[in-house]
Amino acid sequence: MTSTKVSIAGVELKNPVMTASGTFGSGEEFSEYYSLDSLGAVVTKGVASEPWPGNPVPRIAETYGGMLNAIGLQNPGIDVFLQRDLPLLRKSDTKIVVNVCGRTEEDYVKVVERLSGEPVDLLEINVSCPNVKEGGIAFGQNPGALQHITEEVKKHAAQPVIMKLSPNVTDIAEMARAAEAGGADAVSLINTLTGMKIDIYRRTFTLANRTGGLSGPAIRPVAVRMVYQAAHAVKLPVIGMGGITCAEDAIEFMMAGATAVAVGTANFMNPFAASDIARGITRFMVEQGIEDIRDIIGAAC
Amino acid sequence: MKYLENCRIVSQEEISPGIFDMNLQTADIAGICRPGQFVMVYPQDGKRILPRPISICGADPESRTLRLVYRVTGPNTGTGEFSGYVSGDMIRISGPMGNGFDMDISGDETVLIAGGGIGIPPMLFTARNLNCKKVIVLGYRSDTFLAGEFGQNGDVFIATEDGSCGTPGNVLDAIRENGLKADRVYACGPKPMLRALASWAEANGIPCYISLEERMACGIGACLSCVCGSRETDAHTNVRNKRVCKDGPVFLSTEVEL
Ligand SMILES: Cc1cc2nc3c(=O)[nH]c(=O)nc-3n(C[C@H](O)[C@H](O)[C@H](O)COP(=O)(O)OP(=O)(O)OC[C@H]3O[C@@H](n4cnc5c(N)ncnc54)[C@H](O)[C@@H]3O)c2cc1C
Ligand SMILES: Cc1cc2nc3c(=O)[nH]c(=O)nc-3n(C[C@H](O)[C@H](O)[C@H](O)COP(=O)(O)O)c2cc1C
Ligand code: FES
């Protein structure tokens with residue numbers, strides 16, 4: 001018997017594959033392709049206390065082996081999320097992780113409090129979005145600020161808290177330690193790397209926002225390195241992501257120290273990516289004679 | 001339901017400089033798609049990670065073949081890659097995406113079908129499937145690709161920017177020159193053309209349905225890459241924008257910001 005179960009802060013996932021926030025809506029759209037029951041967890045698009053309109057278009061640009069995005073955290077706000085999106089997602093047999101965004105500490109706390117009585121398994125706090133002017137990244141690039149917001153969120157959260165870390169920092173280990181010191185139950189990484197593309201025919205920026213977050217296969221080696229460093233810096237479970245497109249990529253992150261993984265941009269390259277990766281992990285385990293997926297976590301040494 | 005299919009290319013031909021006409025054997029998509037819908041076409045070169053949205057130019061529900069007509073936008077592009085494929089090659093597509101045009105129009109209504117440039121292919125599929133009176137207006141820079149295929153579907157009026165065929169100028173010039181009238185407008189083409197048609201339709205008190213374009217990643221409404229401005233707060237997004245891939249690509253001109 002192969003066991004693909006992993007546990008994040010006491011929440012057991014049937015397999016280590018989650019979706020990366022912002023690439024999978026609230027799951028509903030992708031269920032036109034396959035049953036979400038095949039996933040360990042669905043991570044929702046960032047939800048704020050109020051509706052956010054996001055950035056002007058163009059919001060995305062393709063780059064070599066990757067893409068830039070500057071969606072600007074458009075979301076319908078917590079009320080609509082709770083009334084419409086969460087009940088739909090609950091119909092699937094998968095764990096639910098709600099990604100939370102905000103401009104101020106109070107914004108985050110408001111959302112976290114609204115979620116406290118709801119059937120949600122985990123919270124992921126996005127303090128690493130490079131595409132909104134205030135808030136977001138401001139909390140994610142300074143260890144003191146990160147520790148403080150983690151403490152505030154923890155005071156009000158009913159569910160375990162995952163702090164989502166930015167790769168746009170000098171020392172990722174220090175940031176992981178700050179989240180741990182603030183009382184986080186887990187960390188996830190990496191969010192996108194800040195980038196820019198210029199339209200040489202129009203002599204201007206391809207994205208209306210000028211800069212955007214780089215994701216996709218192009219960033220994977222950076223992500224694997226950062227997951228490795230974070231996993232070695234803290235005792236918390238680490239959720240690894242950044243350019244995962246196949247089961248082998250997911251295994252690589254787990255061997256670097258990730259307890260679970262998230263699939264983002266790959267959902268655009270193949271709408272079945274997350275589900276295919278979950279199945280591919282089991283196949284890899286059978287081929288390699290691995291009985292318990294937990295045996296490979298941090299196996300690279 | 002949405003399908004991801006690995007399709008065999010039945011034929012591919014360059015019908016005009018840089019414009020390619022590709023026929024694909026699908027399993028399901030050609031059997032269920034509607035005019036105005038599109039598919040996502042996946043490049044195979046790993047450096048290109050995003051699928052390209054391409055409108056459906058035709059579909060045969062019997063043989064399940066799907067026709068796509070697209071323009072190569074430049075060197076080192078995904079469409080450039082597609083143009084190198086030959087019959088027998090395989091290509092991945094997903095779909096059908098989007099809402100499409102309303103095909104349920106009563107017989108005595110007249111629809112003005114307008115296409116501009118590479119916005120013409122979806123209007124051919126639309127013209128062939130509408131069972132009402134049709135007036136067709138096609139705008140080109142110069143070469144009038146696909147125009148010959150519209151003939152059986154209604155009166156066809158052509159405008160060319162270089163004046164080589166039909167009315168010199170654009171779609172609006174052809175409409176005015178020929179004094180065309182209709183009960184509604186269905187259109188796809190460049191933004192300036194859509195804007196002009198929308199104000200012409202508004203001035204004539206008729207509804208104008210337009211197919212919009214935006215950069216896309218998921219094609220199914222999940223990533224919010226492809227939004228357009230909405231005049232009112234949108235029921236789904238709860239803000240003043242709409243998802244072109246899912247709520248569109250066809251919108252009533254008065255519900256969106258052009
Ligand atoms: C709903 C819809 C239907 C369309 N139907 C057709 C059609 O039937 N025939 C046709 O020739 N073209 C059509 N287009 C435009 C077509 O999608 C773009 O020309 C194509 O994506 C450009 O890709 P590329 O590989 O040539 O360029 P690249 O420069 O390699 O593209 C880079 C990225 O930008 C995106 N992109 C570039 N230009 C556009 C654009 N104008 N619209 C949307 N995305 C763009 C690409 O999809 C890709 O993600 C349609 C677009 C939409 C949104
Ligand atoms: C279109 C898009 C939207 C995103 N939106 C969010 C978001 O709302 N919240 C968040 O925490 N991360 C967001 N991300 C970041 C991803 O969750 C993920 O951290 C990153 O893309 C790296 O993984 P990938 O290479 O597998 O995509 C977004 C990424 C993309 C491409
Ligand atoms: S392309 Fe993802 S929402 Fe339209």
Side-chain angles (χ1 to χ4, degrees), chain A residues 19 22-34 44-46 50-67 69-77 79-81 83-85 201 206-207 215-218 243 245 264-273 276, chain B residues 1-6 39-40 42-53 73-79 81 92-97 191 212-230 233-247 257:
Chain A
T19 58
T23 63
F24 210 73
S26 290
E28 170 69 2
E29 292 85 7
F30 277 88
S31 62
E32 284 204 70
Y33 284 110
Y34 64 87
T44 69
K45 173 75 187 164
E50 299 288 331
W52 286 14
N55 288 328
V57 293
R59 291 179 169 184
I60 56 168
E62 189 179 60
T63 61
Y64 202 106
M67 66 180 284
N69 89 80
I71 307 296
L73 294 174
Q74 179 184 330
N75 77 91
D79 292 337
V80 167
F81 174 79
Q83 280 157 25
R84 180 189 63 202
D85 299 338
Y201 299 103
T206 304
L207 298 175
S215 65
T245 66
T265 302
N267 295 307
F268 309 146
M269 304 165 65
N270 164 15
F272 289 87
D276 286 354
Chain B
M1 269 309 275
K2 296 274 183 270
Y3 297 90
L4 174 69
E5 297 191 9
N6 198 18
V39 292
M40 297 296 262
Y42 295 81
Q44 279 159 40
D45 186 327
K47 73 186 183 197
R48 301 191 184 97
I49 63 155
L50 296 176
R52 279 29 179 185
T73 62
N76 285 310
T77 57
T79 49
E81 181 191 317
R92 274 194 318 149
I93 64 171
S94 62
M97 305 302 188
K191 267 261 172 78
L212 298 185
E213 253 186 29
E214 194 42 70
R215 316 250 145 181
M216 296 182 177
C218 74
I220 56 175
C223 72
L224 304 177
S225 296
C226 67
V227 298
C228 66
S230 166
T233 297
D234 175 69
H236 181 88
T237 65
N238 202 26
V239 291
R240 280 175 55 180
N241 63 40
K242 293 177 183 288
R243 301 164 298 176
V244 172
C245 69
K246 168 106 178 183
D247 309 313
E257 303 284 356

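Below, read A as the first sequence line, B as the second, and so on, with proteins coming before strands; counting in each chain starts at 1. Note: hydrogens, waters and symmetry copies are ignored here, and every other heavy atom, side chains too, is used. Model, not experiment: these values are computed from the prediction.
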Practice prompt. Any chance you could measure A:Tyr33, atom OH, to B:Met1, atom CE, to the nearest 0.5 Å?
Written response: 9.5 Å

Worksheet item: So, do A:Trp52 and B:Val239 sit near enough that their side-chain heavy atoms are less than 4.5 Å apart?
Response: no

Worksheet item: Pick from B:Gly221, B:Cys226, B:Gly229, B:Pro51: which one has the most heavy-atom pairs with chain A under 4.5 Å?
Response: B:Gly221

Worksheet entry | Spacing of A:Glu28 atom CD and B:His236 atom NE2 [to the nearest 0.5 Å] | 8.5 Å

Worksheet, complete the sentence: Given B:Cys218, B:Pro43, B:Gly74, the one with more heavy-atom pairs under 4.5 angstrom with chain A than any other is B:Cys218

Worksheet item: Is the shortest heavy-atom distance from the side chain of B:Ile49 to the side chain of A:Pro217 under 4.5 Å?
Response: yes

Item to complete: Applying side chain to side chain contact (heavy atoms under 4.5 Å, CB included), run through A:Glu62 and B:Arg48 and close with a yes or a no.
Response: CA-CA 7 Å; A:Glu62 189 179 60; B:Arg48 301 191 184 97; 3.7 Å; yes

Fill in: Interatomic spacing from CG in B:Leu224 to CG in A:Asn55 - rounded to 0.5 Å
11.5 Å

Worksheet, complete the sentence: When the 4.5 angstrom heavy-atom criterion is applied to A:Ser31 and chain B, the contacting part is neither

Worksheet entry | Counterpart residues, ring pair (Phe, Tyr, Trp, His ring centres under 6.0 Å), relative to A:Phe268 (two or more places apart) | none

Item to complete: Keeping the roles fixed (side chain from B:Asn238, backbone from A:Val80), state whether a donor-acceptor pair exists under 3.5 Å.
Response: no

Fill in: From B:Lys47 atom NZ to A:Thr63 atom OG1, the distance as rounded to the nearest 0.5 Å
12.0 Å

Worksheet entry | Spatial distance of atom CD (A:Gln74) from atom CZ (B:Arg243) [nearest 0.5 Å] | 9.0 Å

